[in-house]
Amino acid sequence: MSEVRTEIDRIDATLVDLIAERFGYVDRAWQLKMTTREGAVVQWRIQQVIDRVKERAAEKNLPPEMIEMVGAQWRNMIGWFVQFEEEKLRHGQDASGKAGANRGS
C-alpha cells in the first residue's frame, strides 16, 4: 500500500506542476490579447478544450461518470483562468488609458 500511495503522491505533484505550466501559458495569453480584439471568453475554444479532454479521458478507458467529472473539473478550471484573464485585461486596459491620459496633458 505504501508504494501505491507514493505513486499517487507523485502523480498529484505532477498534476500540480502541469497546471502551473498551463497557468504560465494563460498568463501569456492575456498579454497577447491586449493587442487584439479577442477577449478572455472564447466560447468555441472553451468547448474545444472540454471536448478534447473528455475524448482523451474516454481513450484512457475511464468510466463514463469519470469522463463527465473530468469535463466538469476542466470547465471549472477554465472558468477560473477566464476570470484571471478578464481581470488582467481590465487592469491592462485601465493602465493603457491612464498612460494615454497622462501623455495628453
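Computation of the quantities below employed the complete heavy-atom set of this structure, encompassing side-chain atoms and omitting hydrogens, waters and symmetry-equivalent molecules. This structure is a prediction, so every number in the text was calculated from the model and none was measured.
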Mind checking the [atom1]-[atom2] spacing from [X] to [Y]? Nearest 0.5 Å is all I need.
X     : Y     : atom1 : atom2 : answer
Thr35 : Lys33 : OG1   : NZ    : 11.0 Å
Asp51 : Ile46 : CG    : CD1   : 12.0 Å
Asp12 : Glu7  : CG    : CD    : 11.0 Å
Arg90 : Glu87 : CZ    : CD    : 6.0 Å
Ile11 : Leu18 : CD1   : CG    : 11.5 Å
Ile67 : Met69 : CD1   : CE    : 10.5 Å

When you compare the side chain of [Y] with that of [X], does any pair of heavy atoms fall below 4.5 Å?
X     : Y     : answer
Tyr25 : Phe81 : no
Val41 : Glu85 : no
Gln47 : Ile78 : no
Glu3  : Thr6  : no
Val26 : Met77 : no

So which atom in Thr36 and which in Leu32 form the shortest heavy-atom distance, rounded to 0.1 Å? CG2-O, 3.8 Å
Closest heavy-atom pair and its distance - Glu86, Ala40: CG-CB, 3.3 Å
State whether the number of non-hydrogen atoms from other residues, nucleotides or ligands found under 6.0 Å of Arg22 atom CZ is greater than 12. yes
Would Val42 end up clustered with Leu89 when hydrophobic side chains under 4.5 Å apart are linked, directly or stepwise? no
Residues Arg52, Glu55: salt bridge by 4.0 Å N-O rule: no
Looking at Gln31 and Asp27, would you say the former's side chain and the latter's main chain have a donor-acceptor pair under 3.5 Å? yes
